[in-house]
Amino acid sequence: MTLTLYTNPMSRGRIARWMLEEVGEEYDTVILDYETTMKAEPHLSINPMAKVPAIVHNHKTVTECAAICAYPADTFPDAELGPRDEERADYYRWLFFAAGPVEAATGNRALGVVPDAAQQRMIGYGSFERVIDVLEHAVAAHPYIAGARFTAADVYVGSQVIWGMQFGWLPKRDAFVAYAANLTNRAAYLRAAALDDATMATAA
């Protein structure tokens, strides 16, 4: 078995690193820089979007952060990060809500894009305010996004909340602060952060 993470410590690759640390399987790491190796072969053969993160497992490539969280949860079931039957609906609902409406709404907000009423009917997330209200309700409903237990969905949803507040894309509502605090004290989160922080000086 081979498992390799392609990443940059100043990217969404931190999400993938956290997920792999939660899984607990051994993996290799390839650090790419934005201006050269990320935009050239051999990385373009792995991800033609010239982006990170990506993981390669037994010669199969997975890109997109939500997929990178879901795939190891399915592939390494002993880690118990996938959904149980009673968690399945919330697990998939909020994993892809974060990958779709939350990502789009916060990205547009960061770019200063504010859709008018007519545009809100066209775009999948509607309005930023509605997305944030729905996300707040979701993280406040249970200790974790799919219920009482941490799952892979919390890696992705949690990353959106943690980074969103850090960079000012999300308001620091009490529910978001409490949810983030429940995640950032996890041993795997701390290990992943330490590994990425250690490579910051050599990455660009």
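Every value quoted in this text rests on a predicted model; they were computed, and no experiment measured them. These values consider heavy atoms only, across backbone and side chains, with no hydrogens, waters or symmetry-generated copies.
A 6.0 Å sphere centred on CG of D174 holds no more than 12 heavy atoms belonging to other residues, nucleotides or ligands. Residue-environment remark: NZ (K172) stays at or below the threshold of 12 foreign heavy atoms within 6.0 Å.
In this structure, OG1 on T61 lies 7.5 Å from OH on Y6, to the nearest 0.5 angstrom. Note: D28 CG to T2 OG1 = 8.0 Å, rounded to the nearest 0.5 Å. In this structure, the separation between CZ on R191 and CG on L20 is 11.0 Å, given to the nearest 0.5 Å. With values rounded to the nearest 0.5 angstrom, M10 atom CE is found 9.5 Å from D33 atom CG. Atoms OH and CZ, on Y156 and F97 in that order, are 11.5 Å from each other to the nearest 0.5 Å. For the atom pair E25 CD and F76 CZ, the distance stands at 4.5 Å (nearest 0.5 Å).
Considering all non-hydrogen atoms of both residues, Y91 and L81 come closest at CE1-O, 3.8 Å. Residues G82 and E87 share a closest heavy-atom pair of O-OE1, 4.1 Å. Looking at every heavy atom in both residues, A16 comes nearest to P53 through CB-CB, 3.8 Å. For the pair C69 and A152, the tightest heavy-atom approach, listed with the atom from each and the gap, is O-CB, 3.5 Å. Heavy atoms only, all atoms of each residue included: A79 and E22 are closest at CB-O, 4.5 Å. Pairing each heavy atom of V139 with each of V157, the nearest pair is CG1-CG1, 4.5 Å.
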Check against side chain to side chain contact (heavy atoms under 4.5 Å, CB included), Y144 and T151: CA-CA 8 Å; Y144 297 101; T151 67; over 6 Å; no
Are L170 and Q160 close enough, and set up right, to give a side chain to side chain contact (heavy atoms under 4.5 Å, CB included), and what steps lead you there? CA-CA 9 Å; L170 286 183; Q160 292 281 6; 5.7 Å; no
Could you please spell out the steps behind the side chain to side chain contact (heavy atoms under 4.5 Å, CB included) verdict for R84 and R149? CA-CA 10 Å; R84 297 170 181 166; R149 189 179 67 94; 3.3 Å; yes
Hey, mind stepping through V30 and T4 against side chain to side chain contact (heavy atoms under 4.5 Å, CB included) and telling me if it holds? CA-CA 7 Å; V30 177; T4 303; 3.9 Å; yes
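Y189 places none of its side-chain heavy atoms less than 4.5 Å from the side chain of V155. Under the 4.5 Å side-chain criterion, counting only non-hydrogen atoms from C-beta, L32 is not in contact with N8. You'll find the side chain of I55 reaches within 4.5 Å of the side chain of P72, heavy atoms only. When side chains are defined from C-beta on, T29 counts as touching T7, because their heavy atoms get closer than 4.5 Å. The closest side-chain heavy-atom distance from W163 to T106 is not below 4.5 Å.
Every salt bridge (Lys or Arg N to Asp or Glu O under 4.0 Å) that D196 has, sequence neighbours left out, goes to R17. Among residues two or more places apart in sequence or in another chain, the salt bridge (Lys or Arg N to Asp or Glu O under 4.0 Å) test is passed with E129 by R109. Scored by the side chain to side chain donor-acceptor pair (under 3.5 Å) test, D133 finds R173 as partners (sequence neighbours excluded). Under the rule for a side chain to side chain donor-acceptor pair (under 3.5 Å), W94 has no partner lying at least two apart in sequence or in another chain. In terms of the side chain to side chain donor-acceptor pair (under 3.5 Å) criterion, residue partners of R14 (sequence neighbours excluded) are, by chain and number, D197. With sequence neighbours excluded, the residues satisfying side chain to side chain donor-acceptor pair (under 3.5 Å) with D85 are R88. Applying the salt bridge (Lys or Arg N to Asp or Glu O under 4.0 Å) rule to R12 yields the partners E103; only residues at least two apart in sequence or on another chain are considered.
Note on residues 112-133: no pairs pass ring pair (Phe, Tyr, Trp, His ring centres under 6.0 Å), not counting sequence neighbours. Applying the salt bridge (Lys or Arg N to Asp or Glu O under 4.0 Å) definition to pairs two or more places apart or across chains, none involves residues 42-51. Contacts classified as side chain to side chain donor-acceptor pair (under 3.5 Å) and involving residues 40-50 (residues at least two apart or in different chains) are given here: E41-S45. Contacts classified as side chain to side chain donor-acceptor pair (under 3.5 Å) and involving residues 71-80 (residues at least two apart or in different chains) are given here: H57-Y71.
Transitive grouping of hydrophobic side chains (ILVMFWY, heavy atoms separated by less than 4.5 Å) brings V102 and I123 into a common cluster. Both V23 and L190 are assigned to one and the same hydrophobic cluster, defined by single-linkage of ILVMFWY side chains at heavy-atom distances under 4.5 Å. One hydrophobic cluster holds both F167 and L135 under the rule that ILVMFWY side chains link at heavy-atom gaps under 4.5 Å. Both V177 and I145 are assigned to one and the same hydrophobic cluster, defined by single-linkage of ILVMFWY side chains at heavy-atom distances under 4.5 Å.
The hydrophobic cluster around L111 extends to V113, counting ILVMFWY residues whose side-chain heavy atoms fall within less than 4.5 Å of a member.
In this structure, N182 contributes its side chain and P143 its backbone to a donor-acceptor pair below 3.5 Å.
One finds no salt bridge joining E21 and R186 here, because no Lys/Arg side-chain nitrogen approaches an Asp/Glu carboxylate oxygen to under 4.0 Å.
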